[in-house]
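Report on the structure given below.
From a predicted model like this one, the values you see are computed outputs, not experimental measurements.
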Amino acid sequence: QVQLVESGGGLVQAGDSLRLSCAASGRTFSLYAMGWFRQAPGQEREFVASISSGGGSTSYAESVKGRFTISGDKAKNTVYLEMNSLKPEDTAIYYCAIAKSWGPSRLSYEYNYWGQGTQVTVST
């Protein structure tokens with residue numbers, strides 16, 4: 001059984017930083033890519049960042065490039081999303097997902113297991 005558990009969300013002010021964590025069990029990050037998506041109220045889920053199996057390659061949405069960093073710890077089977085210079089428009093529920101294969105992907109249908117989500121709220 002594959003499980004993904006996100007943590008690290010919260011309420012912060014614009015310009016602050018947060019680090020999200022996603023602990024995986026039942027499927028190893030060493031073999032499968034992982035990603036972060038987010039969904040704001042009334043909007044569709046959108047891609048944020050992804051990392052290839054083992055962490056050799058990453059991909060980012062243009063809206064977060066230069067501010068967010070995705071990384072992984074193979075030993076802990078955990079992926080992180082370091083978010084800096086947060087903006088109010090980053091407010092959303094952030095979801096971690098594990099892919100069907102090794103390569104990083106921006107497409108949600110390439111992921112077949114999802115976490116429950118963690119709320120990030122950025123105030124002005």
Hey, is the main chain of [Y] close enough, under 3.5 Å, to the side chain of [X] for a donor-acceptor pair?
X: Ser123; Y: Val12; result: yes
X: Asp90; Y: Lys87; result: yes
X: Glu110; Y: Ser105; result: no

Looking only at heavy atoms, which two atoms of [X] and [Y] are closest? And how far apart?
X: Ile70; Y: Met34; answer: CD1-O, 4.2 Å
X: Ala24; Y: Leu4; answer: CB-CD2, 3.5 Å
X: Ser17; Y: Ser85; answer: OG-N, 4.3 Å
X: Trp36; Y: Cys22; answer: CZ2-CB, 3.6 Å
X: Ser30; Y: Ser53; answer: O-CB, 3.5 Å
X: Leu81; Y: Val48; answer: CD2-CG1, 4.1 Å

Same hydrophobic cluster for [X] and [Y], using side-chain heavy-atom links shorter than 4.5 Å among ILVMFWY?
X: Tyr113; Y: Leu20; value: yes
X: Val64; Y: Val120; value: yes
X: Ile51; Y: Leu31; value: yes
X: Tyr32; Y: Val2; value: yes
X: Ile93; Y: Phe68; value: no

Leu86 side, atom CG; Thr91 side, atom OG1 - distance, nearest 0.5 Å: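 Rounded to the nearest 0.5 Å, the CG-OG1 separation comes to 8.5 Å.
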Heavy-atom check, side chain of Asn112 versus side chain of Arg27, under 4.5 Å: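 Yes, side chains in contact.
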Student check: side-chain heavy atoms of Ile98 and Phe29 closer than 4.5 Å: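 Result no, sub-4.5 Å side-chain heavy-atom pair not found.
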Connected-component partners of Tyr109 among ILVMFWY, side-chain separation under 4.5 Å: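 Joined to Tyr109, directly or through intermediates: Leu107.
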Salt bridge (Lys or Arg N to Asp or Glu O under 4.0 Å) contacts in which one or both residues fall within residues 41-61, not counting sequence neighbours: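 Output for this query lists Arg38-Glu46.
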Full working for ring pair (Phe, Tyr, Trp, His ring centres under 6.0 Å) between Phe47 and Tyr60: CA-CA 8 Å; Phe47 168 76; Tyr60 296 93; 8.1 Å; no
Crowding at NZ, Lys100 (>12 non-hydrogen neighbours, <6.0 Å):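 Yes, enclosed.
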Aromatic ring proximity Phe37/Tyr111, centre distance under 6.0 Å: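 Between Phe37 and Tyr111, the centre distance is under 6.0 Å.
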No-hydrogen, no-angle side-chain donor-acceptor test under 3.5 Å, Arg106 and Ser50: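 No.
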Side-chain donor-acceptor contact under 3.5 Å, Thr121 with Gln119: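 Yes, side-chain donor-acceptor contact under 3.5 Å.
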Step-by-step side chain to side chain contact (heavy atoms under 4.5 Å, CB included) determination, Gln116 to Glu6: CA-CA 7 Å; Gln116 81 287 352; Glu6 302 104 331; 2.8 Å; yes
